[in-house]
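Input: a single structure, listed below in structure tokens.
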Amino acid sequence: MKTTNTKRLIATGKNKERYSFTVKNRYEYNYKKEKLVVELIDEPDGFTILSCNGVRYPVEIVSRRQNHYEVLVNGVGYSFAVETPFSLNRNKLLASLNPGGRVETITSPMPGKVLDILVEAGQQVQKGEPLLILEAMKMQNSILSTVSGQVVKITVAKDENVAKGAVLIEIK
Amino acid sequence: MKTTNTKRLIATGKNKERYSFTVKNRYEYNYKKEKLVVELIDEPDGFTILSCNGVRYPVEIVSRRQNHYEVLVNGVGYSFAVETPFSLNRNKLLASLNPGGRVETITSPMPGKVLDILVEAGQQVQKGEPLLILEAMKMQNSILSTVSGQVVKITVAKDENVAKGAVLIEIK
Amino acid sequence: MIQSLLIANRGEIAIRIARTARRMGVVVYAVRTKKEPDALYLSAADVVVDFPDTELPVSEFLDIGALVKLAVDNEIEAIHPGYGFLSENAGFAAACKKAGVIFIGPPADVIDAMGDKIKARAYAMESGVNVPGGSKTPLTSVDEAKTLAEKIGYPVIIKATAGGGGRGMRIVSIPGDMQLMFSQATSEAQNAFGNASVYIEKYIENPKHIEVQIVADNHGNVIHLGERECSVQRKHQKLLEEAPSPALDSRLRKKMTSAAVALAKSIKYKSLGTVEFLLDKNGDFYFMEMNTRLQVEHPVTEMITGLDLVELQILIASGAKLPVKQQEVKFQGWAIECRINAEDVQAGFVPSMGIIRGIRLPQGNNIRIDTGVRPGSEITPFFDSMVAKLIVHADSRAEVIEKTLKALRQFHVKGVKTTIPFCKAVLHNPLFRSGYFDTSFVETAMDSPVHREPQEEFLAALLSVYAQTHNTTPITSDEVQIDPWVLKKRIRNF
Amino acid sequence: MIQSLLIANRGEIAIRIARTARRMGVVVYAVRTKKEPDALYLSAADVVVDFPDTELPVSEFLDIGALVKLAVDNEIEAIHPGYGFLSENAGFAAACKKAGVIFIGPPADVIDAMGDKIKARAYAMESGVNVPGGSKTPLTSVDEAKTLAEKIGYPVIIKATAGGGGRGMRIVSIPGDMQLMFSQATSEAQNAFGNASVYIEKYIENPKHIEVQIVADNHGNVIHLGERECSVQRKHQKLLEEAPSPALDSRLRKKMTSAAVALAKSIKYKSLGTVEFLLDKNGDFYFMEMNTRLQVEHPVTEMITGLDLVELQILIASGAKLPVKQQEVKFQGWAIECRINAEDVQAGFVPSMGIIRGIRLPQGNNIRIDTGVRPGSEITPFFDSMVAKLIVHADSRAEVIEKTLKALRQFHVKGVKTTIPFCKAVLHNPLFRSGYFDTSFVETAMDSPVHREPQEEFLAALLSVYAQTHNTTPITSDEVQIDPWVLKKRIRNF
């Protein structure tokens, strides 16, 4: 028999929004001292429902990389990293030791053709600024920067065909 | 090109409830001078929707025998015979010429085994009166008479296994 | 704590058990049978094991030897029997124990004591709970039945000694009917339970059917989780349940729940169980029987208490103490469960067999649906005709009735006829709404067994005319023909 | 009356056309292509014909020769082009006529006149409708563009001569941008229409986009069916439409609809058509272009008029007179259409490709859904990313906004991201609700491109923690892997 164990798990979003839960016996959830009755239900029409104290939402777990989750709730995307207080503190410490920040990669959201590149290596860009023009599904789409920083590397060339998920540009 | 034609179609239910429509060009429906916008829509989840002036109901056409329809609206079953005023009058006439009435057959609603027969040929029965006991799905089910009349013939025997739709008893 | 679990059941209850067990981190095994090799419940498990080929003409989920062997061979720690099948079979519990597998339920001797309805009556009396007058031993002849009936007074009810769930029951109002009813009851009891033994009891006319959920751990702690109102029945089959009961005030509730707890304590009950009572018009209540398993209608109790009854079963079977004390159980709001069965209500509730071609589920908070079917699933004569259970929770009885009606209007099944229009009719009925209904409700108080939405008949007429104008072919048909769904399944399996 | 009809289109519009045609007793033919051999639209037809093998690198629904041949070979009386593809191709209309097939749309010369946007400007002016200042002939060089722009004043808009639907359009605010924008517009025009020719017009800043539906028969009768409000756009792509427009009073409505009817009469228009106007802040309106086909957003007009626009198209093409007079057209209530596209709004509206794993449709009266997909359908780069159109009708604008929001909350798609959260955000937006929005709305007035329901973020955090605790595997994944749905399709087709 396993012994009872309670641990704290903290979910941190992209904008540092933070939710802290206690989890007992791996399945009893509490949030701000309130008990949560949580169920993940596969319904017969193919949907997954997250039920929390009777509140039901259609959800999807889109991807998981270690403790990083991309999920959809009601069709809206959210990103959360799940950590224990210990790992959270360690990551904070690591971040403070490496002030240069980490490299963000801009990847292609779909297969297409690079019509134009609007930035150069070394250039400073703002979050939301267009980086390049990708033609897909007969439409020209601007690929926007997801972060503010400096363009480190441009890994594609004009007129190149790229696959979904291909790295286009690295920003630091 | 077809010529425009308008005809009257009358739907008569089991309890003589009657709805009279005019149909123009085979697809323009009117009921009591009101125009009806009618559509039968197959939705991607397998349902058939009858839309009438924006009112939508899930429907099924369960069976058709000539002009007799068994349909479900919202899961509730209805039976209608569709006739022109001419055929309706002819049928009324035929009924008046044949006052003996017609023979109704009681059929098995499911496969099962006849456990007991509760009536005898020649006996008068009332609508809703149990005629025999059929065992199916481990339950004993009473088969009720759908009409009032005289038992003409019993076509099954005790302990006989019957298929769905098998004729059990004829009543006149 | 139990680490692995074999579910010796199918359908919605297998899925419902798997959901909780997997949430708790238990590895769940489901049993695949030849009768439904691609059933939905299999996808709810971590591991699917095939039921072995046998020569026995017995249903897979009644085959004690094979099921226990599956658990042993796969090194599975525990077996959950669900409801029905072997869930109240003392032999199964004993065989599990003998093989070193945890049976999720009470010990074999307790199942046995409560399973023999005559013994159960005796235990109830011992613990101070009223029982209706009647047999102390099984009936050996019609004459004995007649003699006893004269003593306790007609009407009486004949019940199967090994019974439960309405099968093998017959009411006898006059001595002249005794012969026929006695033979019908014994034959049905033999068919249903493999035991023709019956007994008689004073028949309480038009009582309410109220049951109390109790939970007991292996350390002597017993609590109750309130009552359920199950008076909406047809031929002793429950059709719609609610919790709490509108018929109980706090005084009566205290008396009934205390009686249930007293009985459980006196028989050293362990695990989850239900004590069923008959409540008469004077507010007197009588022990009917005890069910030593999870009930179909357990979700209404879960809704109002916020507790997960399957979790409690697994915890108790693991040897844990009850995680809640009686005073910590909070009852909140009101819950209704509708059983959506594949039955043609308009043809007298006969089973409506066929293939589910589409399902539209109601959406919304505090609406729960427990189902074991999906589009393509077939309703067959092999198993019961349940399509789904719709469970709705709200603050008050008035609100939950409206909310359930709304959910039912959004619940559609294509391919078979269901009891949805019947459930609507119950919830619209003034007597049901008043709360003053009893077990005679379905047979005496309903003008129509189905509720018709406004305009339905008109639209049916219009649809018939439309079909005639367009020469539309029926989607389903009475004719025997190969159905594309069936064909697809055949190609896959053979 | 037309007895048989080939639909030279796919997806939801093929289904929508088939629905009306079959209702009218017309035998409907659909074209199966290699790209989607088991698409939903095929099941809406009476007969499915296979597109022949060809060597041409052109899309099936752009192959004039093959489509006309299909109609001739199968002795089909008429062709309906739907929208997009060949719906505004004069050559297609001419080829049909030559082959003796009825083209459901205006005659080739009318399509040609309105298809050349510079000619269309001239016709509009002739019939007394305002047009913005600009080119009288196609631009031959950037310099010519600059000279003309100086004359009419910046900002100006470059448009494709053969254009429509926002492609090949660029706004130029300062002379320095002209070079880049001119080359982008010509290259996009070449790609989209096979014709690089562009022209410029005075750019009306932040106008409203209002369009008037007109219907004309072959006997000189022309009526209008009111206007549609299409100002909720992003990059000239309509996202949500309504009818009527909250910006028009009866005086302005009369002026705009009269202008549309006048234009249609002056060019001897036949069949269904839409005159698009820009409405500026002073209440002045300008001709933008005329679409000589059924529009994506036609259902909102059907909802408020009770007329079936496809039925009108078929009747007119059959030579019938208009079945309604202008004064018989009654406008009732308010309708909204939401385009549910497979797009990742949070990533800047990029297409979200993948497989539809589940669809939950809203239920209720006066809710219409036009869709071409079902579970298992794939959203591919071959075709547009439309999943469905949700059309809702109610008595007033306030009511239809609430009713549409309710329907959107019940509309769920699993497998791809959709614009449902975007449509919710539009309907919650105070500026949208006020009615005083224009075509800059999406880019300037929306705080967030998605609406988040209460508790969503909290539940996303909880789901992440739950998944971490249970080691749940993602349902979909970025990784390249064989998907069971895809595999199933491959097995079937190859």
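Both backbone and side-chain heavy atoms feed into the values below; hydrogens, waters and symmetry mates do not. Note on naming: letters A, B, ... go to the chains in the order of the sequence lines (proteins, then strands), and numbering restarts at 1 for each one.
To the nearest 0.5 Å, atom CD of residue D:Gln468 and atom CZ of residue A:Arg64 are 5.0 Å apart. Here the CG-OH distance, from A:Leu36 to D:Tyr466, works out to 12.5 Å after rounding to the nearest 0.5 Å. One finds the CG atom of A:Asp45 at 9.0 Å from the NZ atom of D:Lys414 (value rounded to the nearest 0.5 Å). We find the CG-CG distance between D:Asn191 and A:Leu115 to be 7.5 Å, quoted to the nearest 0.5 Å. Residue D:His412 holds its NE2 atom at 12.0 Å from CD of A:Glu60, rounded to the nearest 0.5 Å. Note that OG of D:Ser464 is 8.0 Å distant from CD1 of A:Ile61, once rounded to the nearest 0.5 Å.
Nearest heavy atoms, A:Phe80 versus D:Ala461: CE1-N, 3.5 Å. Annotation for D:Pro454 and A:Tyr57: closest pair O-OH, 2.7 Å, computed over non-hydrogen atoms. Between A:Pro111 and D:Met353, the closest heavy-atom pair is CD-CE, 3.7 Å. The shortest heavy-atom contact between A:Leu40 and D:Leu463 is CD1-CD1, 3.8 Å.
With chain A as the partner, the residue from D:Ile359, D:Ile420, D:Asp344 showing the most heavy-atom pairs under 4.5 Å is D:Ile359. Top candidate by heavy-atom pairs under 4.5 Å with chain D, chosen from A:Leu9, A:Leu50, A:Ile10, is A:Leu50. The choice from A:Gly75, A:Pro58, A:Ala11, A:Gly13 that makes the most heavy-atom pairs within less than 4.5 Å of chain D is A:Pro58.
With a 4.5 angstrom heavy-atom cutoff, D:Val345 does not touch chain A via any of its atoms. Of the atoms belonging to D:Glu456, heavy atoms from both backbone and side chain fall under 4.5 Å from chain A. In this structure, chain A has a heavy atom under 4.5 Å from the side chain of D:Val450, while its backbone stays farther away. Neither the backbone nor the side chain of A:Ser79 comes within contact range of chain D; no heavy atom of the residue lies under 4.5 Å from a heavy atom of that chain. Contact annotation for A:Val76: both backbone and side-chain heavy atoms come within less than 4.5 Å of a heavy atom of chain D. In this structure, the portion of A:Glu17 lying under 4.5 Å from any heavy atom of chain D is its side chain and not its backbone. For D:Ser187, the part lying near chain A is the side chain, with the backbone staying farther off; criterion is any non-hydrogen pair under 4.5 Å. Both the backbone and the side chain of A:Phe47 come within less than 4.5 Å of a heavy atom of chain D.
Between A:Ser142 and D:Lys235 there is a side-chain heavy-atom pair separated by less than 4.5 Å. Using a 4.5 Å heavy-atom cutoff, the side chains of A:Phe21 and D:Leu462 are in contact.
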When you look at A:Val59 and D:Leu459, which way does the side-chain contact (heavy atoms from CB on, under 4.5 Å) test go after all the steps? CA-CA 9 Å; A:Val59 299; D:Leu459 286 161; over 6 Å; no
Begin with the C-alpha distance, continue with both residues' side-chain angles, and end with the deciding distance and a verdict on ring-ring contact (aromatic ring centres under 6.0 Å, His included) for D:Phe458 and A:Tyr78. CA-CA 10 Å; D:Phe458 166 77; A:Tyr78 294 89; over 10 Å; no
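Counting heavy atoms of neighbouring residues, nucleotides and ligands inside a 6.0 Å radius, atom CD of D:Glu402 exceeds 12 of them.
A salt bridge links D:Arg360 to A:Glu43: one of the charged nitrogens lies within less than 4.0 Å of a carboxylate oxygen.
A distance-only check finds no donor-acceptor pair linking the side chain of D:Glu453 to the backbone of A:Asn74 [under 3.5 Å].
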